[in-house]
Amino acid sequence: MSDVKNPKVRFAPSPTGQLHLGSARTALFNYLYAKHHDGTFYLRIEDTDKARSKQEYVEQICSSLEWLGIKWDGEPLFQSTRLNEYHDVVLTLLENNSAYRCFCSKDALETARVGGSYQYPGTCRNLSEEDIKLHMNSGEGFVVRLRVPEGETHFDDMIYGAVHVKHEEIDDFIIARSDGQPTYNLVVVVDDHEMEITHIIRGEDHISNTPKQILIYTAMGYAVPKFAHLPMILGQDKKRLSKRHGAPGVQEFKNEGYLPDALLNYLALLGWNPGSDEEIFTLDELIALFEMSHVHKKSAVYDEQKLSWISGQHMVRLGTAKILEGIHAINADWGQGFETNYLYAILEQLKQRSKSLRDFIDQSSYFFTDPQSYDEKSSRKNWKNVATSQIINVYKKRLESIEQWDANVIESTLRMTAEENDISAGKLIHPTRLALSGVSNGPSLFILMAILGKDVCIRRLNKALEIFPLQS
RNA sequence: GGCUCGUUCGUCUAGGGGUUAGGACGCCGCCCUCUCAAGGCGGUAACACGGGUUCGAUUCCCGUACGGGCUACCA
């Protein structure tokens with residue numbers, strides 16, 4: 001289908017914050033593209049902004065990627081370790097006349113900016129050797145700018161198609177700051193060349209950097225890689241997704257109890273479609289199906305409800321052992337002191353009712369401790385008077401004599417009791433559920449009772465018989 | 001402001017010169033049922049607008065509107 005072989009891609013976050021949804025999707029698409037084509041997925045930490053980069057963010061980003069199951073190949077490359085290489089490239093560019101020193105002060109340029117033009121006026125573009133020496137000798141600071149030639153640059157974006165940019169629209173941009181530090185555009189090119197990256201897959205916000213980078217590739221005589229720019233993810237207000245949309249970092253999704261595969265699944269569907277009506281996929285399935293040609297340019301709005309649904313779908317498909325593992329990852333105490341089989345039985349029942357791992361925790365308290373309170377509405381509705389207490393008492397007595405404690409027996413006993421007393425089964429089921437769980441919803445009552453066990457059921461019924469009806 | 005990209009149900013999307021414009025989430029209803037879910041069935045809801053081109057445009061072209069991106073000695 002595709003003639004791409006063993007591509008090398010990279011995900012290059014800057015450690016100035018934790019991994020966000022948008023970045024996570026960029027990482028995902030890089031990963032999917034690489035793995036689909038038997039390629040390599042590298043991680044590069046863009047930590048040249050010393051003021052904003054933090055080690056703790058490096059760790060957070062890495063652990064988020066690990067949690068997601070996006071595994072990078074080899075060791076991460078840290079740009080902060082490659083300052084010498086960048087410096088050498090700047091010198092080469094200076095030597096081959098592709099770049100030049102600019103002695104204009106920042107303030108001077110700032111005040112020179114008028115109207116709609118933000119471009120560098122080219123003051124130092126053609127300084128003579130003597131002028132340069134003069135400036136240098138007087139100890140003036142300088143930046144290095146790329147000498148952008150006349151003409152235009154074009155490239156074929158895998159998603160955007162043909163992009164043409166006239167050079168008049170490109171500034172003689174800075175590649176080295178006055179403190180000698182290289183800038184983003186320079187650094188990216190040097191590393192992508194060094195790492196032999198074949199496909200640069202990144203957010204649409206980088207599209208205008210691309211011609212600048214191509215200019216550097218060309219000036220250095222490097223082969224130009226292929227580019228794919230991904231559409232943005234927006235919040236409900238159609239603004240670029242950010243913290244204030246309540247969709248912060250990947251870390252939060254983990255804490256909320258989302259499954260990594262579910263998050264990945266949802267993210268993949270933002271801007272890409274599998275070419276069928278299927279919507280639920282594991283990571284491996286996404287790898288197999290991923291095609292860059294199915295990625296479109298339109299930005300997508302993040303929708304937590306759909307994420308939640310997808311999460312629920314994954315939950316149902318997941319084995320109980322995996323679920324237990326996941327729950328313990330966010331709450332190691334859950335179910336402590338109870339047998340694993342007991343926990344499995346609970347999870348099996350709660351699966352259909354849980355969208356996240358948190359839901360299991362939130363819904364399962366009555367499996368471990370007797371209800372401390374009873375749903376008020378249900379109390380009023382389902383255990384109104386002493387008549388209910390009397391019939392519950394009858395049922396309880398019969399339960400006490402059951403030898404074979406299983407759901408079928410529990411159920412037939414209840415139905416028999418109801419029938420003999422000429423009431424509907426529901427009249428007995430609802431108060432019993434209330435007495436046992438304290439709430440009015442949950443798994444089938446008889447399965448619930450079978451799981452809880454005879455002793456617990458009798459104990460809780462006795463307690464409820466003391467309390468209900470609340471007031472008469 | 002300049003450059004640029006986009007616009008199909010509220011949202012994610014399929015489609016593409018002639019279709020009852022398809023699917024999914026959500027929402028509503030029904031079925032199932034001991035509740036809540038899950039599941040099944042059905043319903044609600046869209047081609048931004050104006051001009052062309054054409055026998056015929058939602059689909060192609062041009063404008064307008066609206067939205068996104070970029071416009072740093074950040075990455």
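Letters A, B, ... mirror the listed sequences (proteins, then strands); counts begin at 1.
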Item to complete: Would you classify A/Gly442 as touching base, sugar-phosphate or nothing, given that sugar-phosphate means primed atoms plus P, OP1 and OP2, and contacts are heavy atoms under 4.0 Å?
Response: base
Discussion item. From CD1 of A/Ile280 over to C1' of B/A38, roughly how many Å is that when rounded to an integer?
Written reply: 14 Å
Worksheet item: Is a donor-acceptor pair below 3.5 Å formed from side chain A/Lys351 to base B/A38, judging by atom type as modelled?
Response: no
Worksheet item: Going by the angle between their ring planes, with limits at 30° and 60°, are A/Tyr217 and A/Tyr222 parallel, tilted or perpendicular?
Response: perpendicular
Worksheet, complete the sentence: Checking N1-N3 plus N6-O4 or O6-N4 for Watson-Crick, or N1-O2 and O6-N3 for wobble, each under 3.5 Å, the partner of B/G42 is B/C28
Worksheet entry | Nucleotide of B/A75, B/C34, B/C12 approaching A/Glu46 most closely (side-chain heavy atoms) | B/A75
Discussion item. Nearest to the side chain of A/Asp277, heavy atoms from C-beta on, is which of B/A75, B/A38, B/G23?
Written reply: B/G23
Worksheet item: Heavy atoms under 4.0 Å, any strand shown: does A/Gly271 hit a base, just sugar-phosphate, or nothing?
Response: sugar-phosphate
Worksheet item: Under the side-chain hydrogen bond (donor to acceptor under 3.5 Å, both in side chains) criterion, do A/Gln55 and A/Glu59 qualify, and how do the steps go?
Response: CA-CA 6 Å; A/Gln55 179 60 28; A/Glu59 281 153 24; 3.1 Å; yes
Practice prompt. In whole angstrom, give the distance that lies between atom NZ of A/Lys298 and atom C1' of B/U13.
Written response: 8 Å
Response to the item:
On RNA chain B, more 5' by nearest nucleotide between A/Tyr184 and A/Tyr266 is A/Tyr266
Worksheet item: Within this structure, what is the CD-to-P distance between A/Gln313 and B/A37, rounded to whole angstrom?
Response: 15 Å
Practice prompt. For B/C66, give its Watson-Crick or G-U wobble partner with both distances under 3.5 Å, or none.
Written response: B/G6
Item to complete: Tell me what A/Thr48 touches on the nucleic acid: a base, only sugar-phosphate, or nothing, going by heavy atoms under 4.0 Å.
Response: sugar-phosphate
Discussion item. Taking the ring centre of each residue, are A/Phe173 and A/Tyr120 less than 6.0 Å apart?
Written reply: no
Practice prompt. For the side chain of A/Lys297, starting at C-beta, report the closest nucleotide among B/C73, B/C5, B/C34.
Written response: B/C5
Worksheet item: Would you say a side-chain N or O of A/Gln236 is under 4.0 Å from OP1 or OP2 of B/C12?
Response: no
Item to complete: Compute the ring centroids of A/Phe29 and A/Trp272, then answer whether they are less than 6.0 Å apart.
Response: no
Discussion item. Under 4.0 Å from OP1 or OP2 of B/A37: is there any side-chain N or O of A/Lys355 that close?
Written reply: no
Fill in: Identified pairing partner of B/C55, criterion: Watson-Crick or G-U wobble below 3.5 Å
B/G18
Discussion item. At 4.0 Å (heavy atoms only), tell me whether A/Glu204 reaches a base, stays on the sugar-phosphate, or touches nothing.
Written reply: base
Discussion item. Need one value for A/His296: base, sugar-phosphate or nothing, where a base atom within 4.0 Å counts as base even if backbone is also close, heavy atoms only.
Written reply: sugar-phosphate
Response to the item:
Between CG of A/Asp157 and P of B/C70 the distance, given in whole Å, is 15 Å
Worksheet item: Looking for any heavy atom pair under 4.0 Å, which part of the strands does A/Arg240 touch: base, sugar-phosphate only, or nothing?
Response: sugar-phosphate
Item to complete: Respond yes when some side-chain nitrogen or oxygen of A/Asn273 is under 4.0 Å from OP1 or OP2 of B/U13, and no when none is.
Response: no
Practice prompt. Please confirm whether any donor atom in the side chain of A/Thr183 sits under 3.5 Å from an acceptor in the base of B/C73, or the reverse.
Written response: no
Practice prompt. Just compare B/C3, B/A38, B/G68 and give me whichever is closest to any side-chain atom of A/Glu169.
Written response: B/C3
Discussion item. I'd like to know if A/Asp192 pairs up with A/Arg44 as an ion pair, taking the criterion as any Lys NZ or Arg NE/NH1/NH2 lying under 4.0 Å from an Asp or Glu carboxylate oxygen.
Written reply: yes
Item to complete: Specify the separation, in whole Å, of atom CD of A/Glu348 and atom P of B/A38.
Response: 17 Å
Discussion item. Once you apply a heavy-atom cut-off of 4.0 Å, does A/Asn209 come out as touching a base, just sugar-phosphate, or nothing?
Written reply: base
Worksheet item: Just checking A/Leu269: base, sugar-phosphate only, or nothing, at a heavy-atom cut-off of under 4.0 Å?
Response: sugar-phosphate
Worksheet item: If you look at every strand shown and take non-hydrogen atoms under 4.0 Å, does A/Val143 touch a base, only sugar-phosphate, or nothing?
Response: base
Practice prompt. Select base, sugar-phosphate, or nothing to describe what A/Pro231 touches, counting heavy atoms under 4.0 Å on all strands.
Written response: nothing
Response to the item:
Checking N1-N3 plus N6-O4 or O6-N4 for Watson-Crick, or N1-O2 and O6-N3 for wobble, each under 3.5 Å, the partner of B/C73 is none
Worksheet entry | is_close_aromatic(A/Tyr33, A/His199), centroid dist under 6.0 Å | yes
Worksheet item: Between A/Ser440 and A/His164, which is nearer to the 5' end of RNA chain B once each is assigned its nearest nucleotide?
Response: A/His164
Practice prompt. May I ask you to verify if any side-chain N or O of A/Arg433 is less than 4.0 angstrom from the OP1 or OP2 atom of B/C36?
Written response: no
Worksheet item: Hey, does A/Ala300 reach any base, or is it just sugar-phosphate, or nothing, if we go heavy atoms under 4.0 Å?
Response: sugar-phosphate
Discussion item. What's the closest nucleotide to the side chain of A/Arg353 if the choices are B/G68, B/C36, B/C34?
Written reply: B/C36
Worksheet item: When the distance from CZ of A/Phe173 to P of B/C70 is rounded to whole Å, what number comes out?
Response: 17 Å
Item to complete: Of all the heavy-atom pairs spanning A/Leu267 and A/Ala24, show the shortest one and how long it is.
Response: CD2-CB, 4.0 Å
Practice prompt. Could you please name the option among B/G69, B/C3, B/C34 that lies closest to any side-chain atom of A/His430?
Written response: B/C34
Worksheet item: Are any of the side-chain nitrogens in A/Arg353 or A/Asp359 under 4.0 Å away from the carboxylate oxygens of its partner?
Response: no
Discussion item. For B/C12 and A/Lys306 - does any side-chain N or O of the residue sit under 4.0 Å from the phosphate oxygens OP1/OP2?
Written reply: no
Discussion item. Categorize A/Gln349 for me: base, sugar-phosphate, or nothing, with a 4.0 angstrom heavy-atom threshold over every strand shown.
Written reply: nothing
Worksheet item: At under 4.0 Å between heavy atoms, what does A/Lys427 touch on the DNA or RNA strands: base, sugar-phosphate, or nothing?
Response: nothing
Fill in: Any A/Lys238 side-chain N or O less than 4.0 Å from OP1/OP2 of B/C66
no
